[in-house]
Number of protein chains: 2
Amino acid sequence: MKIGIVGLGLIGGSLGIDFRSHNYTVLGVSRSLETCQTAIKIGAVDDATTDLEFVAQTDLIFICTPLDRIIPTLQQLIPYLRPTTIVTDVGSVKASIVYPCSQLWTNFVGGHPMAGTAGQGIADAQTKLFVNRPYVLTPIATIPPESVKILENVVRSIGANLFLCTPEAHDRSVAWISHLPVIVSASLIQACMSESDLGIRQLSQNLASSGFASTSRVGGGNPELGVLMAQYNQEALLRSLHQFQEHLNCLITDIKAENWTNLGQSLESTRRDRSLFVRMPQFNREIGNRVIFTLSFFLFCFCVASSIG
Amino acid sequence: MKIGIVGLGLIGGSLGIDFRSHNYTVLGVSRSLETCQTAIKIGAVDDATTDLEFVAQTDLIFICTPLDRIIPTLQQLIPYLRPTTIVTDVGSVKASIVYPCSQLWTNFVGGHPMAGTAGQGIADAQTKLFVNRPYVLTPIATIPPESVKILENVVRSIGANLFLCTPEAHDRSVAWISHLPVIVSASLIQACMSESDLGIRQLSQNLASSGFASTSRVGGGNPELGVLMAQYNQEALLRSLHQFQEHLNCLITDIKAENWTNLGQSLESTRRDRSLFVRMPQFNREIGNRVIFTLSFFLFCFCVASSIG
């Protein structure tokens, strides 16, 4: 099977590397000739050009552009597509992409590989980025089931954990665990910067440590991505934000009223509930690194000892 | 100089280990005999008992109990103290501790070593926990300057970065960067748990990844510590929470009004401003681990190659 990738950034490039390692032929398209050359050089594609027509003969096309370029890219692609070509995207919001795209192209299946790093470009593309990471597909009723099956198999081949749901369920879920945290975390940074006493603000900056670093991390992320997710997932995000405000208000009320029993019960439940969202793999990865490090060290010592002996 | 440590948990134990490595004699007191024995065994103290009188002959006493035990512990200590004995604490809130304690004991200097791990007990005590970490002292006008100097030197001896400020400045600073994040992060977890559609809540739990893990980390922490910091730093925390609400409201207004330019500018500034609070050491530590790991690996390969050759 031939796979086309339009948009050769971190996600497009990393998908390409993995697809090629599973013997798919991968043809890439980027607006930048330099990106095409890099993609060829690092083995993310078999070949790449700046011309959309280049992916016309592929069986499955991944649109890996930023959210606001997905619909225009599909529109430009359509003249070159064969009726059987399956098109998918990797956008982090689904309903506002999937319905317009499905009207343009029946064989469109929305997708969202939930893997990312701090990097963005083709130079950051890496192998096995999607292994054990969620990959959501959001097929709607009008899509031929066999197209979904083909895409499912390709997603599974790169080791991702496949989830199937409606575009709406996807959007509400990511509003909770991905988009709400960005706005909350950004508000935290803004609030800390609003301290009017410069000495105290400076002291806060000096005293901030891992707790602040963690809580503020996603609020210090890419502003363009933040705006796009708010734009494309506005309704679900606002819904989550209002729920957040209500819960925050309750905690503030308890603190004001010195209702420490209530506050304690709330913090007891958040400690318990967090584990429903944050599973072991991340922890395991950390432990894994330590184990590898320790083993390497002992093997090293052993080798030194035996070469001396 | 002889140092007394009352309360042999993570902080008390780790202080003891470092003080002893700098040739101070360290005498410990814990309510639990088992803890005393462990502290002696791991080298956190020269000797320890369950009797407060045991530290009577020391020159400098660190009260390392939980926040709500600091004032009662000082009250119980006073009958045994010589007038020259300096007493300090390690509580994470200062004004509500320092003023009552200074009235009880003129030679009291508030302190806050800002180092911690997930652990809490003597078993988690470790060497060099305070190296390059902030250690705040909050002397007030009534304290003999020479007492502060002595404590400053001891704090510097364990490699901590010393900061001097008023108890109020400390409390407002930690409200921003330590206590506000706990409440915000807890509200995030509560909000995500409030999703009434069980399928969507389950999907959120499956899709949550590093962004959610980071933002929710401190909200999933120790409930008792969370309640104590709210109790003892109520005023500064409420002030920070109200500022946070205002900034959150502004972002929500922009999202509602589809004022994407404003939202983009806000996220641009939070990206920039975060770097004022989050400095390089943490990043360096991660890089450092990778460098050590890579070097170990190459050394290992080299040794294997030379033992084969």
Side-chain angles (χ1 to χ4, degrees), chain A residues 134 169 172-173 176-178 181 183-194 200 203-205 207-209 211-220 223 226-227 230 241 243-244 247-248 251-252 255 260 263-264 267-268 270-271 273-274 276-278 293 296-297 299-300 303-304 306-307, chain B residues 114 134 169 172-173 176-178 181 183-194 200 203-205 207-208 211-220 223 226-227 230 241 243-244 247-248 251-252 255 260 263-264 267-268 270-271 273-274 276-278 293 296-297 299-300 303-304 306-307:
Chain A
R172 277 173 64 176
S173 293
W176 287 122
I177 52 90
S178 175
I183 303 299
V184 163
S185 178
S187 304
L188 173 69
I189 300 170
Q190 287 191 317
C192 292
M193 285 299 290
S194 73
I200 290 175
L203 185 63
S204 310
Q205 290 168 4
L207 301 186
S209 66
F212 181 84
S214 294
T215 324
S216 67
R217 187 168 73 81
V218 297
V227 171
L241 279 163
Q243 285 291 107
F244 174 85
H247 287 280
L248 181 67
L251 292 183
I252 292 175
I255 295 169
W260 310 126
L263 182 64
L267 296 179
E268 193 64 69
T270 55
R271 171 159 72 172
D273 293 339
R274 180 173 181 264
L276 299 171
F277 294 83
V278 180
F293 173 71
S296 299
F297 180 73
L299 275 167
F300 166 63
C303 292
V304 168
S306 48
S307 65
Chain B
M114 300 191 67
R172 278 173 64 176
S173 292
W176 287 122
I177 51 92
S178 177
I183 303 299
V184 163
S185 179
S187 304
L188 173 68
I189 299 170
Q190 288 191 317
C192 291
M193 285 300 289
S194 73
I200 290 175
L203 185 64
S204 310
Q205 290 168 2
L207 300 186
F212 181 85
S214 294
T215 323
S216 66
R217 186 167 74 80
V218 297
V227 172
L241 279 163
Q243 285 291 107
F244 174 85
H247 286 281
L248 182 67
L251 292 183
I252 292 175
I255 295 169
W260 309 125
L263 181 65
L267 296 180
E268 193 65 69
T270 55
R271 171 159 72 173
D273 293 338
R274 181 173 181 264
L276 299 170
F277 295 82
V278 180
F293 173 71
S296 300
F297 180 73
L299 276 167
F300 166 62
C303 293
V304 168
S306 48
S307 66

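Below, all heavy atoms of this structure are taken into account, side chains as well, without hydrogens, waters or symmetry copies. Throughout, protein chains are lettered first and strands after them, A, B, ... in sequence-line order, and every chain is numbered starting at 1.
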What residue in [options] has the most heavy-atom pairs under 4.5 Å with chain A?
| options | answer |
| --- | --- |
| B:S204, B:A230, B:G220 | B:S204 |
| B:Q190, B:Q243, B:E268 | B:Q190 |
| B:A186, B:G264, B:S185 | B:A186 |

Considering only heavy atoms, which portion of A:L251 lies under 4.5 Å from any heavy atom of chain B: side chain, backbone, both, or neither?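 The side chain, not the backbone.
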Side chain, backbone, both or neither: which part of A:S178 has a heavy atom under 4.5 Å from chain B?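 Answer is neither: A:S178 stays 4.5 Å or more from chain B.
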Using the test ring-ring contact (aromatic ring centres under 6.0 Å, His included), find all partners of B:F212 that sit at least two apart in sequence or belong to another chain. A:F277
Please look at [X] and chain A and tell me whether the side chain, the backbone, both or neither of the residue comes under 4.5 angstrom of a heavy atom of that chain.
| X | value |
| --- | --- |
| B:V218 | side chain |
| B:S216 | both |
| B:I183 | both |

Using only atom types and a distance under 3.5 Å, with no angle test, would you say the side chain of A:S187 pairs donor to acceptor with the backbone of B:F244?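 Between the backbone of B:F244 and the side chain of A:S187 there is no qualifying donor-acceptor contact (under 3.5 Å).
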Return the option, out of A:G226, A:P134, A:P181, with the maximum number of heavy-atom pairs under 4.5 Å with chain B.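 Counting heavy-atom pairs under 4.5 Å, the top option is A:P181.
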What's the shortest heavy-atom distance between [X] and [Y], and which atoms?
| X | Y | value |
| --- | --- | --- |
| B:A191 | A:H247 | CA-CD2, 3.7 Å |
| A:L203 | B:S173 | CD2-OG, 3.3 Å |
| A:R271 | B:P223 | CZ-CD, 3.3 Å |

[X] side chain near [Y] side chain, heavy-atom distance below 4.5 Å:
| X | Y | result |
| --- | --- | --- |
| B:M193 | A:L276 | yes |
| B:T215 | A:S214 | no |
| A:L248 | B:L241 | yes |

Drop me the distance from [X]'s [atom1] to [Y]'s [atom2], to the nearest 0.5 angstrom.
| X | Y | atom1 | atom2 | result |
| --- | --- | --- | --- | --- |
| A:R274 | B:I189 | CZ | CD1 | 6.5 Å |
| A:W176 | B:C192 | CH2 | SG | 6.0 Å |
| A:D273 | B:Q205 | CG | CD | 8.5 Å |

Results of salt bridge (Lys or Arg N to Asp or Glu O under 4.0 Å) for B:R217 - residues two or more places apart only: none
